[in-house]
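Reading through the structure tokens given below for one structure.
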Amino acid sequence: MKDASLEWIAFSVDLEPNKDDSMDGIREAMEWFDQTIPRGTVYATHRIARELPEVVSMLAEDHEIAVHVHPREFGHEDDDLAALEPDRQRELIADTRVAVAEAAGLDERDLTAFRAGRHKASPATLSVLADLGFELDASVNVRYREHMPADVADRVAPFVHESGLVELPTTYSEPPLLSRVGVRAGLGGNVTATAHELRSDRLFCCGSRALSWLLEETASVFSMYMHPYDATEYHEELQNNGQIFRKRIENLFRTRRPTEFLTACSISTDTTMI
């Protein structure tokens, strides 16, 4: 059971190329991540492992290294892992695991957490992960519901699938409509613990206010993620990225309560968090 005086924060980064497939700014953004987040989970892709192995190795010193698969990195036009046959999913996941482990200087069996690119995982994906010896999936996100049944997609706290695989969903909550955060979210809308939500200001409510409300509202593990490009100014079209985003992250985690930063591995092995 969570101690109400303690914040449990599972902060992660989907370590992948920029939106235009370049690598500009990624190394420096990850140096900032490493200096700012005491412990986190880094879900790295195959391309990152092959082209920026020194970044993965640097992050492995203080953070958990995990697996992140985007089929487009393997030549697939549709970047949808769940749409592939299970055998092909297994191949991409296993190949990425090997590449990322090599870059990190780890045994591939030490990489036990996974997140699908664009959160596109299905029950078949979960079966493949369990079969490969993974212990935790972090693909569930209420805003990406295409492949998961509603009773899975709607979950917010960590839970265990029938296979024994632990699920760490992206945190979300529906704010009261008669509040500034509620007006921002809209009727039936929600606030999710994502970098995009933190960067986005709309309807007279900034992302910092929305995420601060969500952090206070969360009764279990606060599971949030970012991408390297959120912390750079490479994509000029993004709102409040780069230095503004970095400051917002730093301010968000200056909470009034003691904070413990968690890795996916620590959650999967501690039943008090599930």
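For reference, positions follow the sequence shown, starting with 1.
- For the pair Thr125 (side chain) and Ser122 (backbone), a donor-acceptor distance under 3.5 Å is present.
- Within the 6.0 Å centre-distance limit, the rings of His63 and Phe33 are counted as a close aromatic pair.
- Atoms OG and CG, from Ser208 and Leu215 in turn, are 12.0 Å apart once rounded to the nearest 0.5 Å.
- A salt bridge is absent between Arg90 and Glu85: the closest approach of a Lys/Arg side-chain nitrogen to an acidic carboxylate oxygen does not fall below 4.0 angstrom.
- Judged by distance alone, the side chain of Glu233 and the main-chain N or O of Gln243 form a donor-acceptor pair under 3.5 Å.
- With hydrogens and angles left out, the side-chain atoms of Asn251 and Arg248 include no donor and acceptor closer than 3.5 Å.
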Quick one: do Glu73 and Arg50 satisfy salt bridge (charged side-chain N to carboxylate O under 4.0 Å, His left out)? Show the steps, please. CA-CA 11 Å; Glu73 293 192 358; Arg50 293 306 189 209; over 6 Å; no
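- The side chain to side chain donor-acceptor pair (under 3.5 Å) contacts involving residues 148-158 comprise Arg145-Asp154, where partners must be two or more places apart or lie in separate chains.
- With values rounded to the nearest 0.5 angstrom, Gln89 atom CD is found 4.0 Å from Leu81 atom CG.
- Using modelled atom types and a 3.5 Å distance limit, the side chains of Glu250 and Trp32 yield a donor-acceptor pair.
- Looking at heavy atoms from C-beta onward, Leu59 lies out of side-chain contact with Glu61 at the 4.5 angstrom threshold.
- Proximity of a side-chain donor or acceptor of Ser179 to a complementary backbone N or O of Pro175 within less than 3.5 Å is not detected.
- Closest approach of Asp107 and Ala101 over heavy atoms only: C-CB, 4.0 Å.
- Phe114 places a side-chain heavy atom less than 4.5 Å from the side chain of Asp137.
- The side-chain tip of Arg39 does not point at the ring of Phe261 from less than 6.0 angstrom away and within 45° of straight on.
- Within the 4.5 Å cutoff, no side-chain heavy atoms of Ser173 are placed close to those of Val156.
- In this structure a side-chain-to-backbone donor-acceptor pair under 3.5 Å is present from Asn240 to Arg199.
- The shortest side-chain heavy-atom distance between His46 and Val69 does not fall under the 4.5 Å cut-off.
- The local environment of NE2 in His235 is crowded, with over 12 non-hydrogen atoms from other residues, nucleotides or ligands closer than 6.0 Å.
- Other residues, nucleotides and ligands contribute over 12 non-hydrogen atoms within 6.0 Å of the CZ atom of Arg202.
- A side-chain N or O of Asn18 and one of Ser22 form a donor-acceptor pair less than 3.5 Å apart.
- For the residue pair Gln239 and Asp201, the shortest heavy atom distance occurs at OE1-N, 3.3 Å.
- Residues Val142 and Pro169 have side chains not in contact (no heavy-atom distance under 4.5 Å, counting atoms from C-beta outward).
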Steps toward side-chain contact (heavy atoms from CB on, under 4.5 Å) verdict (Met23, Arg47): CA-CA 10 Å; Met23 300 288 189; Arg47 256 196 79 197; 3.4 Å; yes
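- With 3.5 Å as the limit, one finds a donor-acceptor pair spanning the side chains of Arg88 and His76.
- A donor and an acceptor atom, one from each side chain of Glu167 and His161, are located under 3.5 Å apart.
- By the criterion of side-chain heavy atoms lying less than 4.5 angstrom apart, applied directly or through intervening Ile, Leu, Val, Met, Phe, Trp or Tyr residues, Val221 is grouped together with Val160 in one hydrophobic cluster.
- Distance check: Leu111 CG to Ile93 CD1 gives 12.5 Å after rounding to the nearest 0.5 Å.
- Shown here are the ring-ring contact (aromatic ring centres under 6.0 Å, His included) partners of Tyr234, two or more places apart in sequence or in another chain: there are none.
- Two residues are said to be in side-chain contact when any heavy atoms from C-beta on lie closer than 4.5 Å; Met30 and Leu15 meet this criterion.
- Under the 4.0 Å criterion applied to side-chain N and carboxylate O atoms, Arg72 and Glu77 are not assigned as salt-bridge partners.
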Show, in sequence, the C-alpha distance, side-chain angles and deciding distance for Tyr144 and Lys120, and conclude whether the side-chain contact (heavy atoms from CB on, under 4.5 Å) test is met. CA-CA 7 Å; Tyr144 298 84; Lys120 290 185 178 291; 5.6 Å; no
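- Val98 and Val67 fall into different hydrophobic clusters, defined by Ile, Leu, Val, Met, Phe, Trp and Tyr side-chain heavy atoms under 4.5 Å apart, directly or through other members.
- Taking the ring centre of Tyr225 as origin, the terminal cationic atom of Arg115 falls inside the region bounded by 6.0 Å and 45° from the ring axis.
- Ser212 is listed as a side-chain neighbour of Leu252, based on a closest heavy-atom distance under 4.5 Å.
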Using the ring pair (Phe, Tyr, Trp, His ring centres under 6.0 Å) rule, take Tyr229 and His227 through it: C-alpha gap first, then chi angles, then the decisive distance, then the call. CA-CA 5 Å; Tyr229 56 71; His227 300 89; 4.9 Å; yes
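- When only modelled atom types and interatomic distance are considered, His196 and Asp230 share no side-chain donor-acceptor pair under 3.5 Å.
- Of the possible donor and acceptor atoms, one in the side chain of Thr171 sits under 3.5 Å from a partner among the backbone N and O of Ser223.
- By the 4.0 Å N-to-carboxylate-O rule, Glu16 lies too far from Arg118 to be salt-bridged with it.
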Mind running side-chain contact (heavy atoms from CB on, under 4.5 Å) on Leu132 and Val128 for me, showing each step along the way? CA-CA 6 Å; Leu132 288 172; Val128 169; 3.8 Å; yes
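- To the nearest 0.5 Å, atom CD of residue Glu162 and atom OG of residue Ser127 are 10.0 Å apart.
- Looking only at distances, a side-chain donor or acceptor of Asn241 sits under 3.5 Å from a matching main-chain atom of Thr232.
- The backbone N or O of Thr263 sits nowhere less than 3.5 Å from a side-chain atom of Thr41 that would complete a donor-acceptor pair.
- Separating the CZ atom in Phe159 from the OG atom in Ser220 is a distance of 12.0 Å, to the nearest 0.5 Å.
- The nearest pair of heavy atoms linking Ile267 to Ala10 is CD1-CB, 3.9 Å.
- The main-chain N or O of Ala264 is found under 3.5 Å from a side-chain atom of Glu64 such that the two form a donor-acceptor pair.
- A cation-pi contact links Arg97 to Phe134, judged by a cut-off of 6.0 Å to the six-membered ring centre and 45° from its axis.
- Atom CE of Met224 and atom OG1 of Thr218 lie 11.0 Å apart (nearest 0.5 Å).
- Note: the hydrophobic cluster containing Leu262 does not contain Tyr172 (ILVMFWY, side chain heavy atoms under 4.5 Å, direct or indirect links).
- Between Lys19 and Glu236 there is no salt bridge, since no side-chain nitrogen of the basic residue lies less than 4.0 Å from a carboxylate oxygen of the acidic one.
- In this structure, Glu7 and Phe253 have side chains that are not in contact, with every pair of non-hydrogen atoms separated by 4.5 Å or more.
- Panel note: side chain Arg180, backbone Cys205; no donor-acceptor pair is recorded below 3.5 Å.
- Looking at Arg143, its side chain does come within 3.5 Å of a backbone N or O of Asn190 through a donor-acceptor pair.
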Worked check of side-chain contact (heavy atoms from CB on, under 4.5 Å) between Thr194 and Thr170: CA-CA 8 Å; Thr194 65; Thr170 300; 4.0 Å; yes
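- Here the shortest heavy-atom pairing between Ala193 and Phe222 reads CB-CZ, 3.8 Å.
- A pairwise comparison of heavy atoms in Leu165 and Glu135 identifies CD1-C, 3.5 Å as the closest pair.
- Counting all heavy atoms, side chain and backbone alike, Val100 lies closest to Val56 at O-CG1, 4.1 Å.
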